Amino acid sequence: GAVVSQHPSWVICKSGTSVKIECRSLDFQATTMFWYRQFPKQSLMLMATSNEGSKATYEQGVEKDKFLINHASLTLSTLTVTSAHPEDSSFYICSASTTQGTGIGQPQHFGDGTRLSIL
Amino acid sequence: AQSVTQLGSHVSVSEGALVLLRCNYSSSVPPYLFWYVQYPNQGLQLLLKYTTGATLVKGINGFEAEFKKSETSFHLTKPSAHMSDAAEYFCAVSATSAGNKLTFGGGTRVLVKP
């Protein structure tokens, strides 16, 4: 159980284009989804938190107009990198959690990540 | 505010030897603690978690961790390393007061020697 599917796993595109990454919870309802960015050999950096049906909360220093997050349903969140540039190249990972029960201490379940390369 | 420190960015062990990964945390409220494993080019997989109750927590793949409040530690161990344990390991802390957001340690890369 608790499977999170992230798509695509790899994307290469030209500078200036926009890229959409999807994150789906396959067998549970994800009331909260998180988006992370990971640089090589480093830990995960939280970019934003999204709750179904409401606007995402961005971490300090993350450009909300550059990284658009939509959490339209309890099973789907999307991250769109707008007008992507080479410095946006990175490994992006989503996670999902549920508030089933008390919601206390519910773990996050992670997708397999998306390797984004901007030429 | 919460923080996590993982001692040692790299750990090398021989196959069959004990694996010990150290994690210390700082939290102003009772913490929820997690260990995740990441294989190359993949997301994170939950190994185990501590929320309340028994302080010795058993997880998948033979791993276990012990919550020691007095030492603010949550070290991860496995009695006998296997080649498949080679990966990156992350300790993380969260709290309901922080919206269940995870704060990660810097990670420890485990190398298993035959």
Side-chain angles (χ1 to χ4, degrees), chain A residues 1-10 21 23-25 30-51 54 56-60 90-117, chain B residues 1-6 8-10 21 23 25 27 29-54 57 59-60 65 67 74 87-111:
Chain A
V3 178
V4 175
S5 174
Q6 188 172 341
H7 179 81
S9 55
W10 288 82
I21 302 170
C23 181
R24 295 180 183 272
S25 57
T31 48
T32 307
M33 287 188 170
F34 303 84
W35 287 94
Y36 296 85
R37 185 172 179 176
Q38 186 178 32
F39 292 100
K41 301 185 187 302
Q42 294 189 27
S43 188
L44 281 73
M45 179 191 78
L46 179 66
M47 299 174 65
T49 303
S50 72
N51 292 291
S54 57
T57 301
Y58 290 82
E59 296 298 301
Q60 191 172 9
S90 192
F91 192 56
Y92 293 88
I93 308 175
C94 73
S95 71
S97 68
T98 178
T99 55
Q100 288 179 356
T102 63
I104 294 176
Q106 290 292 335
Q108 293 180 23
H109 303 283
F110 287 79
D112 279 341
T114 297
R115 175 80 54 196
L116 175 62
S117 296
Chain B
Q2 301 165 298
S3 66
V4 178
T5 302
Q6 291 183 239
S9 58
H10 291 79
L21 304 183
C23 172
Y25 69 90
S27 178
V29 297
Y32 305 121
L33 296 159
F34 306 84
W35 275 100
Y36 286 90
V37 61
Q38 183 181 33
Y39 297 98
N41 294 310
Q42 293 187 24
L44 276 65
Q45 180 183 8
L46 179 67
L47 282 176
L48 48 80
K49 68 174 184 177
Y50 169 80
T51 53
T52 60
V57 181
I60 62 172
F67 170 61
F74 191 57
E88 185 91 22
Y89 292 79
F90 292 97
C91 180
V93 62
S94 76
T96 51
S97 61
N100 283 332
K101 290 196 297 186
L102 285 173
T103 300
F104 285 93
T108 299
R109 184 167 298 276
V110 173
L111 172 66

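Here the structure is a predicted model, which means the values were calculated and not measured. By convention in this document, chain letters (A, B, ...) are assigned in the order of the sequence lines, proteins followed by strands, and residues within each chain are numbered from 1.
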Would you call B:Lys101 and A:Glu59 a salt bridge, taking side-chain N to carboxylate O under 4.0 Å as the test? yes

In terms of heavy-atom pairs under 4.5 Å with chain A, the winner among B:Pro31, B:Gly43, B:Ser9 is B:Gly43

Top contributor to chain B contacts, counting heavy-atom pairs under 4.5 Å, from A:Gly113, A:Gly111, A:Ser95: A:Gly111

Is there a donor-acceptor contact under 3.5 Å from the side chain of B:Gln45 to the main chain of B:Tyr39? no

Hey, what's the ring geometry for B:Phe74 with B:Tyr50, parallel, tilted or perpendicular (30° and 60° as the breaks)? tilted

Under 3.5 Å donor-acceptor, B:Gln38 side chain and B:Glu88 backbone: no

Pairs of heavy atoms under 4.5 Å with chain B: top-ranked of A:Gln42, A:Met45, A:Gln38, A:Gln6: A:Gln38

Heavy-atom cut-off 4.5 Å, strictly under: side chain, backbone, both or neither for B:Leu44 against chain A? both

